[in-house]
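Along the sequence shown, residues carry numbers from 1. Worth knowing before you read on, the calculation uses all heavy atoms, side chains too, and leaves out hydrogens, waters and symmetry mates.
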Amino acid sequence: MKKGALAPVLKLNLPPSDEASLSNFLTESGTFKDGDLLVNKDGVRILSESEAEVPALIQPLDNQLSLADFDAIKVIGKGNGGIVRLVQHKWTGQFFALKVIQMNIEESARKNIAQELKINQSSQCPYVVVCYQSFYDNGAISIILEYMDGGSLADFLKKVNMIPESFLAAICKQVLKGLWYLHHEKHIIHRDLKPSNLLINHRGEVKITDFGVSAILPSTSGQANTFVGTYNYMSPERISGSNYGYKSDIWSLGLVFLECAMGQFPYSSPQPGGWANVYELMVSIVDHPAPHAPSDQFSPEFCSFISSCLQKDPKDRLSANELMAHPFITKYDNQDVDLALYFTGAGPSLAAF
Ligand code: ATP
Ligand code: MG
């Protein structure tokens, strides 16, 4: 059939909604675009050429996507604020990740949350996890995300223990592109860059997730100024309560990649058995010299890259754009570094399988 012509509406014989498996707060039907097909519960239509020119595989239309359109497959992760499930769209078979964050918030805060989540939804960048839709109901925020079948860099690091420099450069290049997009195009400070917020897939792609979410959480958890999460990757200026900006994310990036290279978190506790409390670690980050990559274990390019990120004064750190041109990132440009093979070769326990 010619593109642009309307296909005869094909009535789908759909199973009754399995709301109970996910949530009972949204029951309206959804409309999906898959390639040049438009699918909803009333049928399937072939889109015109102009309608079909949307880059993502499936785009929700008219905010009509509903939780009732998904089957829950399994739990794939748990964070501080909630739970992440692998879900499957009933009509297209497409997999997504559904993140549900429980929170008790004032009715008046709902609008702010919706606003913040809209930022996530408007992101169009191959290095940032797509947020298709978010809902608020009954004390919970549900977010339908692009599914990354390799899980997080934190999960991966547990399996491989440490990551060789050539693979780190390839991973870092993608993270820098995502970070540059967030900083330069969207004017967003991530605020919570850490290994569990960098997701990977079997195609060797690395994408940033959970940006903006940490900006919502402190103001909505009912405990003002309470950061729920880890302080490990927080920049000194942020911990000490000074003004902070995009360079705060660069500090976190440096710590993440130094940890991946060394196989352990760069700040080691003064006593055996780990940090006695979070304040001890925070004092170390603010008062002690910044960590560095040991020059007898790593290349000069890597050591220089890390010290371009881990500067106590944010003004001394390079920007994401400047870091993309750093010799550590460009060094492997002519070598065939195959991240897809590296990620999938690390074992069968990728989140999907
Ligand atoms: P915290 O709550 O402290 O920020 P976290 O980042 O691990 O920790 P979540 O963001 O809730 O918490 O994610 C939990 C886990 O779920 C992640 O570590 C990852 O393994 C998995 N996960 C999250 N989002 C996705 C996704 N889009 N695709 C695949 N797996 C995901
Ligand atoms: Mg996360």
Side-chain angles (χ1 to χ4, degrees), residues 56-57 73-79 84-88 93-99 125-130 145-179 193-210 232-233 252-266 293-294 296-303 305-306 309 323-324 326-353:
L57 184 61
I73 307 293
K74 62 176 179 180
V75 172
I76 47 176
K78 280 183 188 148
V84 182
R85 284 191 179 83
L86 172 63
V87 296
Q88 188 170 26
Q94 179 93 1
F95 290 104
F96 295 86
L98 176 70
K99 180 167 184 168
C125 169
Y127 306 100
V128 160
V129 170
V130 180
L145 297 163
E146 174 179 13
Y147 173 54
M148 296 292 284
D149 62 10
S152 75
L153 199 60
D155 305 327
F156 184 73
L157 199 56
K158 274 189 208 125
K159 273 185 273 176
V160 297
N161 203 25
M162 53 183 79
I163 302 177
E165 283 189 28
S166 58
F167 293 116
L168 271 187
I171 294 169
C172 197
K173 195 177 199 168
Q174 299 188 54
V175 177
L176 285 170
K177 286 180 181 171
L179 214 48
L193 204 66
K194 56 184 177 181
S196 70
N197 285 338
L198 298 174
L199 303 183
I200 62 176
N201 69 20
H202 71 280
R203 287 194 293 270
E205 294 167 341
V206 184
K207 305 192 185 203
I208 302 176
T209 191
D210 281 353
N232 286 20
Y233 304 92
S252 312
L253 178 97
L255 271 191
V256 168
F257 283 91
L258 185 53
E259 175 176 345
C260 290
M262 297 187 1
Q264 61 182 51
F265 184 62
D296 56 339
Q297 292 171 39
F298 299 102
S299 70
E301 292 90 345
F302 181 73
C303 296
F305 181 87
I306 293 299
C309 303
L323 287 167
M324 270 189 276
H326 190 281
F328 171 64
I329 301 297
T330 55
K331 186 177 171 182
Y332 303 95
D333 274 356
N334 297 326
Q335 293 177 32
D336 206 7
V337 180
D338 190 342
L339 274 184
L341 199 64
Y342 181 56
F343 289 158
T344 51
S349 54
L350 288 177
F353 311 108

Margin query: What I'd like to find out is whether the side chain of L193 reaches to under 4.5 Å of the side chain of L255, using heavy atoms alone.
Written below: no
Check: Could you state the interatomic distance from CG (N201) to OG1 (T344), rounded to the nearest 0.5 Å?
Finding: 10.5 Å
Margin query: Using side-chain heavy atoms (C-beta onward) and a distance below 4.5 Å, is L179 in contact with L323?
Written below: no
Next item on the list: Name the orientation class of the two ring planes belonging to Y332 and F328 (parallel below 30°, tilted from 30 to 60°, perpendicular beyond 60°).
Entry: perpendicular
Check: Can you list the steps and then say if K194 with N232 is a side-chain contact (heavy atoms from CB on, under 4.5 Å)?
Finding: CA-CA 9 Å; K194 56 184 177 181; N232 286 20; over 6 Å; no
Checklist line | Which atom of A170 lies closest to which atom of V337, heavy atoms considered | finding: CB-CG1, 4.0 Å
Checklist line | Heavy-atom check, side chain of L339 versus side chain of I200, under 4.5 Å | finding: no
Check: Given side chains that start at C-beta, do those of N197 and I208 come closer than 4.5 Å, heavy atoms only?
Finding: no
Next item on the list: Mind listing the closest non-hydrogen atom pair of I76 and R85 along with its distance?
Entry: CG1-C, 3.9 Å
Margin query: So which atom in E146 and which in V128 form the shortest heavy-atom distance, rounded to 0.1 Å?
Written below: OE1-O, 3.9 Å
Checklist line | Separation between CD1 of I306 and CE of M262, rounded to the nearest 0.5 Å | finding: 9.5 Å
Note to self: Would you compute the distance between atom SG of C172 and atom NZ of K177 and round it to the nearest 0.5 angstrom?
What the structure shows: 11.5 Å
Margin query: For S152 versus P195, what's the shortest heavy-atom pair and its separation?
Written below: CB-O, 3.8 Å
Check: For M148, does its backbone N or O pair with a side-chain atom of E205 as donor and acceptor, under 3.5 Å?
Finding: no
Note to self: If you compare all heavy atoms of C125 against all heavy atoms of G178, which two are closest, and at what distance to 0.1 Å?
What the structure shows: SG-CA, 4.5 Å
Note to self: Working to the nearest 0.5 angstrom, can you tell me the gap between L153 CG and K207 NZ?
What the structure shows: 15.0 Å
Could you tabulate the donor-acceptor pairs under 3.5 Å formed by side-chain atoms of residues 160-168, not counting sequence neighbours?
from	atom 1	to	atom 2	distance (Å)
E165	OE1	S299	OG	2.6
E165	OE2	S299	N	2.8

Notebook entry, point to check: By ring pair (Phe, Tyr, Trp, His ring centres under 6.0 Å), which residues pair with Y233, not counting sequence neighbours?
Noted result: F265
Checklist line | Donor-acceptor pair, side chain of E259 and main chain of P266, under 3.5 angstrom | finding: no
Note to self: Any heavy-atom pair between the side chains of Y147 and L199 that's under 4.5 Å?
What the structure shows: no
Item checked: Over all atoms of both residues, closest heavy-atom pair of A154 and S196 -> CB-N, 3.8 Å
Check: Is the F156-Y342 ring centre distance short of 6.0 angstrom?
Finding: yes
Note to self: Could you check whether atom CG of N334 has more than 12 heavy atoms from other residues, nucleotides or ligands sitting under 6.0 Å from it?
What the structure shows: no
Margin query: Rounded to the nearest 0.5 Å, what separates atom CG in L341 from atom CG in D336?
Written below: 10.0 Å
Next item on the list: Would you indicate whether the side-chain heavy atoms of D149 and F343 approach each other to under 4.5 Å?
Entry: no
Check: How far does CG of L258 sit from SG of C309, to the nearest 0.5 angstrom?
Finding: 10.0 Å
Note to self: With heavy-atom distances below 4.5 Å as the criterion, would you say the side chains of H326 and L176 are in contact?
What the structure shows: no
